[in-house]
Amino acid sequence: MKLKTIYASLKKDLSFIESELEQTVNAHHPVLRDASNHLLKAGGKRIRPVFVLLSGKFGDYNLVLMKNVAVALELIHMASLVHDDVIDDAEMRRGTKTIKAKWDNRVAMYTGDYIFARAVELVTELKDPAANTILSNAILEMSIGEIEQIKDQFNWDQNVRDYFRRIKRKTALLIATSCELGAVAAGASKAEQQHLKQFGYYVGMSYQITDDILDYTGTVKELGKPAGGDLLQGNITLPVLYAMNQGNMKREIMNIFSKELNTSQEKVNQVISIVKSSGGIEFSQRISDRYLQKAFNELEQLPAQSATTSLRQIAEYIGKRKH
Amino acid sequence: MLQSRLSHSYLLQFIDFPIIDEERLYVFYGMLEQTKLERKRKEDTLLSIMLVQIALDTHELISLDDVTNENERKNRQLTVLAGDYFSSMYYHILSKWHDNELIRTLSEAIQEINEAKMSFYQTNHRTVEPIFDNLKEIESILVRKVAEHYGLDNWKTFGMQYFYMNRLLLERKQGLIHSSSNLLQKIALTLLSVKESKLTSDQQASKARTVLDSYVGHAKKEIDFLCQHYSELHRWFQNRLEYNWGIIGIPEEKLAEEG
């Protein structure tokens, strides 16, 4: 099933969120406004707002209140992407030039900081003070996760546990928070908040593992950038971690990277072949599926309604997506 | 307290310890002393406000140049992340106190500061006056927002002028030590694009310094005027002001040696 079909039930609300996103980043300075809109117009799956809205269906769904959370979560995600592109020195994202490539690093830094502050301001409008506690905790963990990722670049001695801890902070927590805050904003019961949070966490883990698989299997057209980008940056993800535990593949991979100081696409392609032949892709897929199953189990604890079905469909999409 | 909260062992392997602006620490401390917040909350509030400033200052260190080696690459990556980390810490600390109002005030301040920075950096000004207005905004938004938040009008007026003055002095000092500064370059460019375009680059730089000095002089007069009106603040700032006025009086060659 396509994401567009799954989103159909939320079409009207999502188009409202989209226009709110545009209005929210409507800065006074033209460059700040253009830069913020640049990334917004490049699209994206809007998975976080969708999770916020669907989780809100388990309580007293009020779009005016829900929109603050939905917009904030997408903006936080966007702000982190803008800064990530400075970190990765990336030229392209979602098939278009990154802000740092179109303007420069400084514009990217100011834009990211501006968007992040807009997001935080929106969440302060929620009545429940717990909302800020939940969100700020996720953001703090997220930033620690990003630091850990840099720390672990080209660290061939890391293990799967390091990887899981990293992707939990980097991706899963913000998706878990999207679900939890959606439920909090709508005043869903504590038990429902917890199940939705857990659901989001498991889906987030599966989402990131799928992302990491696609970095090895995707085409330029599907990814909007060449395959192997993670490895080029020194990010060691699950498929390569698995490969490194098979026979003498760890030595082979390390040899490829130790010959010269610079990492080239040619080297990355060699490692991609090794990873593919090792069974690392299939292993990672199985782990991703296992997380998805855990996510489905959480949904079974929630009342059966159309939002539950939609959450399940999105989770299934995430596990099978090609980009 | 601030130093220990800023320490992140891995970050500090690659980036310098964040610069704590003692002038701001002193002013915000003084402001919070006027409030009725209990001790621990006062400490956390001061820490949060300083973290906002430190996060902004940290991101200001990101250069436009290409990185040429692995160390530079790591330094840039971690400078971006350090700023994000400090920024998330301010939010985290205040949310523990459920202080939604101050979170909102500070997030508004961050937005306005980034608007002002973008304006300073991305606008081709026709005259030098808006450049100085811009600079004043960048330096004074945080103190203005915090003072308004706690209803400290005297501190607002004085603090805004004080931080503006400090920035002018810093730019002047950098100009003397490194022959130029961001502000001096911006002034020189603006002069070049308008009527002074017949000047040589040396004349341009000299003219820019003269312009800066005239604004320093004007800012000093403003501070002197405010001191006459707010005697209580004058007492609080007396030592610092004497030091600042001393800097203005120091001959340029001596200042360069100090640097």
Side-chain angles (χ1 to χ4, degrees), chain A residues 27-33 35 79-80 83-84 86-89 100 103-127 129-144 146-151 153-154 233-234 261-262, chain B residues 8 10-11 13-14 52 55-56 58-67 69-70 73-74 76-123:
Chain A
H28 296 297
H29 195 276
V31 176
L32 192 53
R33 191 167 57 238
S80 77
H83 284 180
D84 278 356
V86 176
I87 292 168
D88 297 342
D89 203 13
K100 74 126 241 159
W103 286 274
D104 58 37
N105 283 345
R106 202 171 289 159
V107 170
M109 295 316 298
Y110 295 164
T111 307
D113 284 347
Y114 172 82
I115 295 175
F116 178 75
R118 284 294 282 135
V120 170
E121 187 193 354
L122 282 179
V123 181
T124 60
E125 286 173 27
L126 291 185
K127 279 182 193 158
N132 280 301
T133 316
I134 294 166
L135 184 61
S136 68
N137 190 48
I139 292 170
L140 183 64
E141 287 290 322
M142 213 169 104
S143 74
I144 294 171
E146 293 256 22
I147 294 167
E148 293 287 320
Q149 177 162 305
I150 303 290
K151 186 180 172 185
Q153 277 176 347
F154 293 110
Q233 296 290 337
L261 278 173
N262 292 328
Chain B
H8 186 293
Y10 181 68
L11 278 177
Q13 280 178 36
F14 291 91
V52 168
L56 290 165
T58 303
H59 280 168
E60 208 55 35
L61 300 172
I62 302 293
S63 69
L64 302 179
D65 312 328
D66 289 335
V67 289
N69 59 51
E70 187 54 26
R73 192 174 77 99
K74 279 235 156 142
R76 168 164 308 163
Q77 291 176 325
L78 290 169
T79 305
V80 174
L81 293 176
D84 291 347
Y85 173 67
F86 300 141
S87 179
S88 64
M89 267 174 71
Y90 103 77
Y91 183 31
H92 191 246
I93 293 166
L94 290 179
S95 70
K96 277 191 185 167
W97 287 101
H98 299 314
D99 197 345
N100 274 17
E101 280 71 32
L102 187 58
I103 294 172
R104 190 178 307 132
T105 296
L106 295 179
S107 64
E108 283 169 3
I110 297 168
Q111 290 164 49
E112 288 182 33
I113 291 168
N114 281 291
E115 288 261 17
K117 281 183 173 179
M118 200 68 103
S119 198
F120 181 81
Y121 175 55
Q122 284 282 328
T123 309

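Just so it is clear: chains get the letters A, B, ... in the order the sequence lines come, proteins before strands, and each one is counted from 1. All values reported here derive from a predicted model rather than from experimental measurement.
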> Which one of A:N132, A:L122, A:I134 has the most heavy-atom pairs closer than 4.5 Å to chain B?
A:N132

> Please report the closest heavy-atom contact between B:N100 and A:L126, naming both atoms and the distance.
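Where B:N100 meets A:L126 most closely, the heavy atoms are ND2-O, 3.8 Å.
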
> What part of B:E101 gets within 4.5 angstrom of chain A, counting heavy atoms only: side chain, backbone, both, or neither?
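For B:E101, no heavy atom lies under 4.5 Å from chain A.
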
> Do other residues, nucleotides or ligands put more than 12 heavy atoms under 6.0 Å from A:H28 NE2?
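Check fails, neighbour count at 12 or below.
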
> Report yes if the side chains of B:K117 and A:R106 come closer than 4.5 Å at any heavy-atom pair, otherwise no.
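Answer no - side chains too far apart.
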
> B:M118 vs A:T111, test: side chain to side chain contact (heavy atoms under 4.5 Å, CB included). Steps then yes/no.
CA-CA 9 Å; B:M118 200 68 103; A:T111 307; 3.7 Å; yes

> Could you walk me through whether B:R76 and A:N105 satisfy the side chain to side chain contact (heavy atoms under 4.5 Å, CB included) test, starting with their C-alpha distance in whole Å, then the side-chain angles of each, then the deciding distance to 0.1 Å, before giving a yes or no?
CA-CA 10 Å; B:R76 168 164 308 163; A:N105 283 345; 3.0 Å; yes

> Does any heavy atom of chain A fall under 4.5 Å from the side chain of B:R104, the backbone, both, or neither of them?
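For B:R104, the contact with chain A is made by backbone and side chain together.
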
> Sort out for me which of B:H59, B:H98, B:E115 touches chain A most, counting heavy-atom pairs under 4.5 Å.
B:E115

> Please list, in residue-number order, every residue in residues 106-113 of chain B that has a heavy atom less than 4.5 Å from any heavy atom of chain A; write 'none' if there are none.
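Within residues 106-113 of chain B, the residues that come under 4.5 Å of chain A (heavy atoms only) are B:S107, B:E108, B:I110, B:Q111.
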
> Rounded to the nearest 0.5 Å, what separation is found between the OH atom of B:Y121 and the CH2 atom of A:W103?
12.5 Å

> Under a 4.5 Å heavy-atom cutoff, which of A:D88, A:I139, A:I144 has the most pairs with chain B?
A:I139

> What's the spacing between B:L64 CG and A:M109 CE if we round to 0.5 Å?
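That separation rounds to 11.5 Å.
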
> How long is the straight-line distance from CZ of A:R118 back to CG of B:N114, given to the nearest 0.5 Å?
12.5 Å

> Decide yes or no on side chain to side chain contact (heavy atoms under 4.5 Å, CB included) for A:E146 and B:D84, but give the supporting numbers first.
CA-CA 10 Å; A:E146 293 256 22; B:D84 291 347; over 6 Å; no

> How would you list, by chain and number, every residue that makes a side-chain contact (heavy atoms from CB on, under 4.5 Å) with A:S143, sequence neighbours excluded?
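With neighbours one apart ignored, the set is A:L140, B:Y85, B:S88.
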
> Side chain, backbone, both or neither: which part of B:T79 has an atom under 4.5 Å from a heavy atom of chain A?
neither

> Of the backbone (N, CA, C, O) and the side chain (C-beta and beyond), which part of A:L135 lies under 4.5 Å from a heavy atom of chain B, both, or neither?
both

> Count the heavy atoms belonging to other residues, nucleotides or ligands that lie under 6.0 Å from NZ of B:K74, then report whether that count exceeds 12.
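Counting neighbours around NZ of B:K74, more than 12 heavy atoms of other residues, nucleotides or ligands fall under 6.0 Å, so yes.
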
> For a quick test of reading the model, state the closest non-hydrogen atom pair linking B:Y90 to A:V120 and the distance between them.
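Closest approach of B:Y90 to A:V120, heavy atoms only: OH-CG1, 4.1 Å.
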
> What do you reckon, is CG of B:N69 surrounded by more than 12 foreign heavy atoms closer than 6.0 Å?
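Above 12, so yes.
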
> Kindly give the heavy-atom pair with the smallest separation between A:V107 and B:Q122, and that separation in Å.
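Scanning both residues, the minimum pair turns out to be CG2-NE2, 3.3 Å.
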
> Evaluate the criterion side chain to side chain contact (heavy atoms under 4.5 Å, CB included) for residue pair B:R73 and A:Q233; output intermediate values, then yes/no.
CA-CA 11 Å; B:R73 192 174 77 99; A:Q233 296 290 337; 3.4 Å; yes

